Amino acid sequence: MSTRISQQSVYRLVPRLAKHLTALGNVASDSTVDRSIIHLVNLRVSQINHCCFCQHMHSQEARDDGEHQVRLDVLPAWREAPCFSTQERAALAWAEALTLVSQQAVSDNDYQNALDAFGGQGLIDLTAIIVQINSWNRVSVGFQFAPDISI
């Protein structure tokens, strides 16, 4: 059995990793993309990537910012759930398309829907947000970071 590198060690040994990923996240704070959409995208991408650490963190952040638990409960089935807006659906489709890009090409329909919903600048911002959470997920999953969950 191999010894895992701790979360603290990863960021202590290579502080620029967290610095650059955090800087990429600054797009979110300066963006026209609504915080509730950012929460949904971060959580959905983390679900796809099986990142327990990020799922725990982003679901809590979403609830803290007023997101309804019922929407978080049905997020994996967002296509069937009537509680998501057209803009949220476009963001979630774009997030899934970019996250799963190695499995299938990004469709023109997903691109156009996202562009229509967010405009050029908003789509670029949304893309940066998706790139950032995918990057965090890969670090967290790769090093098996686990949240402190007490029941």
Side-chain angles (χ1 to χ4, degrees), residues 7-8 10-11 14-149:
Q7 182 177 357
Q8 294 77 18
V10 168
Y11 300 129
V14 186
R16 66 188 174 278
L17 177 62
K19 177 184 174 188
H20 292 301
L21 288 177
T22 300
L24 186 56
N26 290 338
V27 168
S29 62
D30 298 335
S31 173
T32 59
V33 178
D34 187 83
R35 279 192 59 77
S36 65
I37 291 176
I38 294 169
H39 289 310
L40 293 173
V41 164
N42 284 339
L43 184 53
R44 183 65 190 124
V45 169
S46 297
Q47 290 170 340
I48 292 167
N49 289 326
H50 304 277
C51 184
C52 180
F53 185 88
C54 293
Q55 286 181 60
H56 176 70
M57 179 176 61
H58 292 297
S59 61
Q60 186 61 54
E61 288 175 350
R63 285 190 298 273
D64 289 347
D65 277 354
E67 183 58 72
H68 297 280
Q69 183 62 49
V70 67
R71 285 172 27 105
L72 299 179
D73 292 343
V74 299
L75 184 58
W78 63 267
R79 284 180 175 82
E80 294 81 28
C83 57
F84 297 101
S85 71
T86 301
Q87 190 178 47
E88 290 168 336
R89 290 174 183 283
L92 291 166
W94 187 244
E96 287 187 3
L98 295 183
T99 300
L100 300 170
V101 71
S102 69
Q103 296 175 20
Q104 65 183 27
V106 176
S107 76
D108 291 341
N109 189 51
D110 286 341
Y111 172 80
Q112 192 61 54
N113 287 341
L115 182 61
D116 291 347
F118 292 95
Q121 183 65 51
L123 181 56
I124 294 167
D125 291 349
L126 180 60
T127 301
I129 291 161
I130 295 164
V131 167
Q132 182 205 32
I133 190 58
N134 269 290
S135 298
W136 282 117
N137 288 168
R138 278 149 180 75
V139 171
S140 295
V141 170
F143 288 102
Q144 296 182 350
F145 296 163
D148 181 19
I149 301 175

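In this text the structure is predicted, and so the values were computed from the model without any measurement.
- Atoms CG and CG, from L115 and L126 in turn, are 11.5 Å apart once rounded to the nearest 0.5 Å.
- A distance-only check finds no donor-acceptor pair linking the side chain of D110 to the backbone of V106 [under 3.5 Å].
- Distance CD/Q55 to CG/L75: 9.5 Å, rounded to 0.5 Å.
- Here the options are Q69, E67, H68, the test is side chain to side chain donor-acceptor pair (under 3.5 Å), and the partner is R71; only E67 passes.
- Between the side chains of W136 and S46, no donor-acceptor pair of N or O atoms lies under 3.5 Å.
- Atoms CD1 and CG, on I37 and N42 in that order, are 12.0 Å from each other to the nearest 0.5 Å.
- Note that OG1 of T99 is 11.0 Å distant from CD of Q47, once rounded to the nearest 0.5 Å.
- Defined by atom type and a distance below 3.5 Å, a donor-acceptor pair is missing between the side-chain atoms of S107 and N109.
- Side chains of D108 and Q112: a donor-acceptor N/O pair is absent below 3.5 angstrom, by distance only.
- We find the CD-NE2 distance between Q132 and H20 to be 13.5 Å, quoted to the nearest 0.5 Å.
- When every heavy atom of G122 is checked against every heavy atom of V33, the shortest pair comes out as O-CG2, 3.7 Å.
- Looking only at distances, no side-chain donor or acceptor of R35 sits under 3.5 Å from a matching main-chain atom of D65.
- Atoms CZ and CD1, from R44 and I133 in turn, are 13.0 Å apart once rounded to the nearest 0.5 Å.
- Residues W78 and L40 have side chains not in contact (no heavy-atom distance under 4.5 Å, counting atoms from C-beta outward).
- No side-chain heavy atom of D34 sits less than 4.5 Å from a side-chain heavy atom of I38.
- Counting heavy atoms of neighbouring residues, nucleotides and ligands inside a 6.0 Å radius, atom CZ of R79 exceeds 12 of them.
- When all heavy atoms of T22 and A18 are compared, the closest pair comes out as OG1-O, 2.7 Å.
- Of all heavy-atom pairs spanning L123 and A114, the tightest one is CD1-CB, 3.5 Å.
- Taking 4.5 Å as the limit, every side-chain heavy atom of Q121 sits out of range of all side-chain heavy atoms of T32.
- At least one side-chain heavy atom of V139 sits less than 4.5 Å from a side-chain heavy atom of F145.
- Side chain of E88 to main chain of S85: a donor-acceptor pair is present (N/O by atom type, distance under 3.5 Å, no hydrogens or angles).
- One N or O on the side chain of S59 and one on the backbone of H56 form a donor-acceptor pair closer than 3.5 Å.
- Across V101, V45, I130, I48, a single residue satisfies side-chain contact (heavy atoms from CB on, under 4.5 Å) together with E96, and that is I48.
- With contacts defined as side-chain heavy-atom distances shorter than 4.5 Å, the pair W94/Y111 qualifies.
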